[in-house]
Structure formats: structure tokens, C-alpha cells
Amino acid sequence: MFLKNAWYVAAWSDEIVNELQQVKVLGEKICMFRTDTGEVIAVEDACPHRKLPLSKGRIKDNNIECGYHGLTFDCAGQCVWAPGGGRIPSAARVRPYPVHEKYGLVWIWMGNAAIADVEEIIEIPNFESAEWGINRGAAMELKCNYLLMCDNLLDPTHVAWVHQSSFAAAATKDTPLRVSKTDKGIIVHRWMMDHEPAPFYKKVVEFEGNCDRLQHYEVRYPGHALIRAVFTPAGTGGPDGPLHENTFVMDSYNFMTPTTETETRYYWFQLRNIRPDDAELSKMMSEDVRDAFEEDRAVLENVQIGMNEKTSPHIDLSIDAGQLRFRRQLEAMIAEEAMVDEKLSQ
């Protein structure tokens with residue numbers, strides 16, 4: 001089950017062009033395209049006549065023409081032409097989905113269109129700041145439930161074993177975690193003091209010697225994560241630390257879009273507070289981050305198999321506190337949404 005009244009990422013903006021294509025979100029097949037004026041359109045991908053996907057048809061004057069019998073639908077999903085003459089059947093329409101472009105992403109609202117509010121899309125400070133650099137990569141297809149990736153992004157400890165050549169350091173194994181709840185999600189964080197920077201960060205920090213390091217792992221409902229990494233010279237970090245002028249900050253934004261119960265499309269990019277115009281640094285960081293995420297994919301896809309095939313119950317550890325709180329609250333939100341929908345349908 002999924003939370004419907006929420007914004008999900010449907011695509012990178014540059015993936016939606018003036019051609020029909022099918023995008024799957026929450027198990028629903030959606031026909032998307034960009035009009036001649038640049039507007040992104042999203043409608044149910046099934047002609048009401050014989051259910052041929054509309055994405056198998058063609059664009060005609062910024063409308064969608066079905067490839068089977070030519071039924072033509074406008075951008076609001078209403079049929080404006082049908083063969084045979086006479087009145088167009090009242091049921092000749094398809095569901096339109098609210099969409100909005102922001103941060104180079106196409107966002108789609110999967111629930112009640114009447115309450116879709118673009119102000120609810122996550123706010124990303126520094127996205128357009130000239131003082132911050134950005135790197136990104138193509139969306140990743142994961143053969144696992146989206147909540148397994150949400151678990152992963154509320155789990156600072158896993159880096160000690162999964163990312164030994166990139167994000168790991170001795171302190172990531174057993175430094176205690178702090179868990180807090182917000183109106184929007186769950187935060188798991190910890191400061192690790194006076195240790196050698198992890199291999200990935202050692203290549204980019206602009207100071208020598210040991211560091212104080214913050215791992216801030218935050219996942220917001222239904223599946224949007226901010227992973228903030230802060231590296232400052234040893235002795236200048238901590239919750240009340242002064243933070244050195246050469247402090248390195250990387251904000252990693254991660255958006256999990258469920259395509260089915262066991263498949264997820266994963267979008268990501270990072271913002272950094274150093275060398276914003278350094279294309280080589282952006283390239284190196286994108287490649288290294290992608291390699292680390294491939295390590296996550298290998299683990300999580302096998303976790304999905306293990307969960308599907310388990311013959312005994314799985315257990316939880318103290319380090320799972322953030323993940324369990326996130327799942328419980330999201331489950332309650334989904335149940336409440338379903339109850340409201342049921343009442344409205346009566």
C-alpha cells in the first residue's frame with residue numbers, strides 16, 4: 001500500500017519531451033509528454049475504448065490520439081473526438097494527474113487532485129545558489145520495495161560494512177545514534193569526533209588531519225531523504241561547535257518513487273559548499289556516489305529476496321529505531337487516508 005496524497009518524482013525534467021511515454025508510479029501506468037509550449041502533461045495510460053495504452057498512440061495538435069481507433073483526448077483527459085460520428089460517450093475520458101516542475105524534476109500528485117498543493121513539495125535551500133555546486137546522476141531502477149531504501153537512508157551504521165571504500169570510518173560502526181521525530185519525518189543523526197575522514201570525503205575536504213563528522217539522515221513522508229554530511233577540523237564540531245571556515249558540507253537529496261510493491265525508481269543529487277564551478281569535481285563525485293549507491297542496490301535487492309523467501313521472522317536491533325518509527329507513522333498515515341477515502345465514497 002502507498003500514500004496517495006503526496007508528491008512523487010515522476011522523471012527528470014529533461015526526460016519528458018514532445019513524445020508520448022509511459023511512466024509507472026505506485027503501480028499506475030501514466031502517459032506523459034511535453035506540449036509544444038513546454039507544459040508537461042500526465043494522464044491515465046489506457047484508452048477507455050479497448051484499453052490500448054495511450055502512450056502507444058501519437059501527439060496531434062497537443063492532444064493524444066489513440067493508436068487503435070483514433071479517439072483523441074485533450075490535456076485534461078476529456079475525449080474531444082471519436083470515430084463513427086454522433087455523440088462522444090460521457091465515459092470517454094481518462095484521469096489527468098497534477099504535475100509540477102521544480103529542481104529539474106517532474107513531480108506528480110497521485111491522490112485527490114483537489115487537494116494537490118505545490119507548496120508541499122520539499123524545500124531545498126541553496127539549490128540555485130551560485131556558492132553551491134551540484135552533481136547528479138541518472139535515476140536508478142531498484143528491484144526492491146521503496147521502504148527498504150527508506151530504511152537504508154535512516155541507517156548511518158550500514159556504511160561501515162556496505163561502503164568500506166567510500167563513506168566508512170571506524171567511528172561509523174558503534175558511535176551511538178540519536179533519533180528524533182518531526183512533523184514531516186524522522187531524523188537519525190550523530191557527531192563522530194576526532195577521526196580520520198572517510199575515503200570519499202578525504203578527496204574533497206579542504207583541510208588536513210582528523211575531522212569531526214556529522215551524519216544527519218532524515219527521511220520525510222512518503223519517501224524523500226536528506227543526507228547531510230558535515231566535516232570540520234577536529235575540535236571544531238559537535239552540536240555546539242564553532243565550525244571551522246573550511247568546513248565541508250554535502251547535502252544529498254534522495255527521492256524514492258515506488259513503481260510497484262517490489263520495484264523502486266531512485267532519483268538523487270548532491271549539493272556541496274565548495275568549488276561550485278569545478279566540473280571535474282562534480283564528475284568525480286557523481287561517479288563515486290553512483291558506485292556507492294550500486295553497493296546499496298546489491299544489498300537491498302538481496303534483502304528483498306530474503307524477505308520474500310524467509311522461513312523464520314526477521315529481527316530488529318537498537319540501530320533500527322528510526323526506521324521502525326518512520327514505518328509506523330507512514331502506515332498510520334496510509335490507514336487514515338484509506339479510511340477517509342472510504343467515507344467519501346459512501
Side-chain angles (χ1 to χ4, degrees), residues 1-101 104-114 116 138-146 222-223 255-267 304 341 345:
M1 296 179 63
F2 307 111
L3 190 70
K4 296 291 187 72
N5 289 321
W7 291 100
Y8 292 87
V9 175
W12 285 107
S13 287
D14 57 15
E15 292 178 320
I16 305 300
V17 296
N18 191 228
E19 295 177 3
L20 301 178
Q21 60 179 289
Q22 184 183 96
V23 175
K24 189 181 291 186
V25 180
L26 309 192
E28 299 180 27
K29 295 177 180 178
I30 301 162
C31 176
M32 299 188 71
F33 74 103
R34 192 178 294 275
T35 67
D36 291 344
T37 60
E39 181 183 4
V40 175
I41 303 299
V43 299
E44 175 188 359
D45 195 17
C47 178
H49 177 223
R50 289 295 183 265
K51 299 302 181 179
L52 179 74
L54 289 175
S55 58
K56 298 295 184 181
R58 57 193 64 84
I59 300 170
K60 187 175 182 180
D61 298 327
N62 286 327
N63 294 324
I64 305 172
E65 183 183 75
C66 178
Y68 196 9
H69 292 97
L71 279 79
T72 304
F73 301 86
D74 65 18
C75 294
Q78 183 61 51
C79 183
V80 295
W81 187 87
R87 184 179 63 86
I88 297 174
S90 60
R93 59 180 180 270
V94 290
R95 175 189 174 185
Y97 293 81
V99 292
H100 185 73
E101 290 191 82
L105 296 163
V106 176
W107 300 80
I108 187 166
W109 182 269
M110 297 300 295
N112 182 351
M140 297 177 66
E141 302 291 341
L142 310 176
K143 295 180 180 178
C144 67
N145 183 276
Y146 76 109
F255 307 105
M256 282 64 72
T257 298
T259 50
T260 69
E261 287 285 352
T262 57
E263 296 173 303
T264 302
R265 192 177 307 112
Y266 178 34
Y267 299 86
Q304 182 70 65
D341 287 347
S345 66

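- Residues meeting the ring-ring contact (aromatic ring centres under 6.0 Å, His included) test with Trp107, sequence neighbours left out: His224, Phe255.
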Mind running side chain to side chain contact (heavy atoms under 4.5 Å, CB included) on Gln21 and Ile16 for me, showing each step along the way? CA-CA 8 Å; Gln21 60 179 289; Ile16 305 300; 3.7 Å; yes
Begin with the C-alpha distance, continue with both residues' side-chain angles, and end with the deciding distance and a verdict on side chain to side chain contact (heavy atoms under 4.5 Å, CB included) for Cys144 and Thr262. CA-CA 5 Å; Cys144 67; Thr262 57; over 6 Å; no
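- Screening residues 19-45 for salt bridge (Lys or Arg N to Asp or Glu O under 4.0 Å), with sequence neighbours left out, gives Lys4-Glu28, Glu28-Arg95, Arg34-Glu101.
- Side-chain contact between Gln22 and Ile30: absent, with no pair of heavy atoms (C-beta onward) separated by less than 4.5 Å.
- In this structure, Glu15 has no salt bridge (charged side-chain N to carboxylate O under 4.0 Å, His left out) partners at least two apart in sequence or on a different chain.
- Within the 4.5 Å cutoff, side-chain heavy atoms of Val106 are placed close to those of Met32.
- With rounding to the nearest 0.5 angstrom, the OG1 atom of Thr260 is 10.5 Å from the CZ atom of Arg265.
- Every residue meeting the ring-ring contact (aromatic ring centres under 6.0 Å, His included) condition with His69, not counting sequence neighbours, appears here in chain and number order: His49.
- Counting only heavy atoms from C-beta outward, the side chains of Asn63 and Phe73 never approach each other to under 4.5 Å.
- Qualifying ring-ring contact (aromatic ring centres under 6.0 Å, His included) partners for Phe2, counting only residues two or more places apart in sequence or in other chains: Tyr146.
- Residues Tyr97 and Cys31 have side chains not in contact (no heavy-atom distance under 4.5 Å, counting atoms from C-beta outward).
- Looking at Thr35 and Ile41, their side chains come closer than 4.5 Å, going by heavy atoms from C-beta outward.
- Two residues are said to be in side-chain contact when any heavy atoms from C-beta on lie closer than 4.5 Å; Leu71 and Trp81 fail this criterion.
- Annotation for Pro98 and Trp7: closest pair O-CZ3, 3.7 Å, computed over non-hydrogen atoms.
- For the residue pair Pro48 and Ala91, the shortest heavy atom distance occurs at CB-O, 3.9 Å.
- Between Thr72 and Cys66, the closest side-chain pair of non-hydrogen atoms is not below 4.5 Å.
- A distance-only check finds no donor-acceptor pair linking the side chain of Thr257 to the backbone of Tyr8 [under 3.5 Å].
- Distance alone, capped at 3.5 Å, places no donor-acceptor pair between the Arg50 side chain and the Cys47 backbone.
- Contacts classified as salt bridge (Lys or Arg N to Asp or Glu O under 4.0 Å) and involving residues 55-65 (residues at least two apart or in different chains) are given here: Arg58-Glu65, Lys60-Glu65.
- When all heavy atoms of Phe33 and Cys75 are compared, the closest pair comes out as CZ-SG, 4.4 Å.
- No side-chain heavy atom of Thr264 sits less than 4.5 Å from a side-chain heavy atom of Asn145.
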Could you walk me through whether Ile64 and Val43 pass the side chain to side chain contact (heavy atoms under 4.5 Å, CB included) check? CA-CA 10 Å; Ile64 305 172; Val43 299; 3.7 Å; yes
For Leu20 and Leu54, run side chain to side chain contact (heavy atoms under 4.5 Å, CB included): C-alpha distance rounded to whole Å, both residues' side-chain angles, the deciding distance at 0.1 Å, then the answer. CA-CA 8 Å; Leu20 301 178; Leu54 289 175; 5.7 Å; no
